[in-house]
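All of these numbers come straight from a predicted model, not from anything done at the bench. Positions are given from 1 along the sequence.
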Amino acid sequence: LAVAERVSKQAELVGYAPLRAEASLARGWALYGLGRHDEAASAFEGAYADAVAEGHDAVATDAAAMLSFIVGSTQSKPELGLKWGVTARAHALRPAADPGAEAMALSNVGWIHQQRGAFELARTSYLQALELQEQVFGPDDVRLAFTLNGLGVVYVSLGELDEAARCHQRALELRRR
């Protein structure tokens, strides 16, 4: 966090918006990792604003994807979280965006739907996220585990216990590697 804050201050002094956006994104991740979610959301909002102003699609996508989760889940504002998810996906369609961020946004939207009890919508989002994650990261990457766990919970809620067991088993195997 200290490094991200120093870089953020220097980026402010320089006045270069793309650097400010990247520094704010890094600061948001650091704050999120420390459990300081409201501060993280503020940092991600700043990163998003600077990134959009400068056409920095990769940062805009990442920031919006994280805002979908923090706002939609941690701050218990699911409708706004879903809007951030849609925003992240829109930015992910831009040429310079990171397709991994689109997968993260889809998985986050799945989580929000799951928390709201909209299990069919959650399943659709998780399956789309999983497909994209497998394309981007490969089928054996540990980053698929969160999505697989969420999908497994959705399958339990839908009474599809064999599918749930397959998802949870695969997630466990990925985490053990």
Side-chain angles (χ1 to χ4, degrees), residues 1 25-41 43-45 47-48 58-93 97-177:
L1 178 61
L25 184 71
R27 185 172 177 272
W29 276 108
L31 289 164
Y32 178 78
L34 293 171
R36 294 164 56 181
H37 298 147
D38 290 341
E39 293 173 82
F44 287 128
E45 287 170 359
Y48 178 79
V59 171
T61 306
D62 286 350
M66 278 308 295
L67 283 164
S68 71
F69 182 75
I70 292 173
V71 172
S73 182
T74 307
Q75 295 180 342
S76 300
K77 299 174 188 171
E79 295 303 322
L80 188 53
L82 291 173
K83 288 181 182 179
W84 276 113
V86 168
T87 301
R89 291 197 65 206
H91 283 288
L93 298 175
D98 173 15
E102 180 183 12
M104 179 173 50
L106 282 163
S107 189
N108 292 346
V109 166
W111 172 257
I112 294 167
H113 286 311
Q114 176 185 333
Q115 296 304 302
R116 296 173 66 214
F119 299 117
E120 291 294 342
L121 292 171
R123 174 173 42 191
T124 299
S125 292
Y126 280 138
L127 287 171
Q128 290 174 336
L130 189 60
E131 181 180 352
L132 190 53
Q133 287 170 327
E134 288 173 336
Q135 291 171 7
V136 173
F137 305 127
D140 297 325
D141 193 284
V142 70
R143 288 173 279 191
L144 281 67
F146 175 83
T147 302
L148 285 162
N149 277 333
L151 186 57
V153 170
V154 166
Y155 280 132
V156 168
S157 298
L158 293 172
E160 299 179 31
L161 302 183
D162 290 339
E163 285 298 319
R166 277 192 279 280
C167 288
H168 288 304
Q169 182 62 40
R170 183 171 172 212
L172 183 60
E173 289 169 4
L174 290 174
R175 287 196 168 120
R176 285 185 174 160
R177 291 181 186 184

What pair of heavy atoms forms the shortest contact from [X] to [Y], and how long is it?
| X | Y | result |
| --- | --- | --- |
| G85 | A105 | O-CB, 4.2 Å |
| T61 | A88 | CG2-O, 3.5 Å |
| R170 | P139 | NH2-O, 3.0 Å |
| V136 | P99 | CG2-CB, 3.7 Å |
| A40 | G28 | CB-O, 3.5 Å |
| A171 | A145 | CB-O, 3.8 Å |

From [X] atom [atom1] to [Y] atom [atom2], the distance as rounded to the nearest 0.5 Å:
| X | Y | atom1 | atom2 | result |
| --- | --- | --- | --- | --- |
| Y32 | D38 | OH | CG | 12.5 Å |
| Y155 | D162 | OH | CG | 11.5 Å |
| L132 | L127 | CG | CG | 12.5 Å |
| H37 | L31 | NE2 | CG | 9.5 Å |
| D62 | E102 | CG | CD | 12.0 Å |
| L25 | M66 | CG | CE | 9.0 Å |

Would you say the side chain of [Y] lies within less than 4.5 Å of the side chain of [X], judging by non-hydrogen atoms?
| X | Y | answer |
| --- | --- | --- |
| E134 | L144 | yes |
| N149 | H168 | yes |
| L82 | I112 | yes |
| Y48 | T87 | yes |

Applying salt bridge (Lys or Arg N to Asp or Glu O under 4.0 Å), can you list everything that pairs with [X], at least two apart in sequence or on another chain?
| X | answer |
| --- | --- |
| R176 | none |
| E163 | R166 |
| R143 | D141 |
| R123 | E120, E160 |

With sequence neighbours left out, write down each residue that passes ring-ring contact (aromatic ring centres under 6.0 Å, His included) with H113, or none if nothing qualifies.
none

Result of checking S107, S125, C167 against T147 for side chain to side chain contact (heavy atoms under 4.5 Å, CB included):
S107

With L158 as partner, the option from L161, V156, V154 fulfilling side chain to side chain contact (heavy atoms under 4.5 Å, CB included) is V154

Sort and list the pairs that fulfil salt bridge (charged side-chain N to carboxylate O under 4.0 Å, His left out) and have at least one residue in residues 74-87, not counting sequence neighbours.
E79-R116

Should the pair F146 and W111 be assigned to parallel (<30°), tilted (30 to 60°) or perpendicular (>60°) ring geometry?
tilted

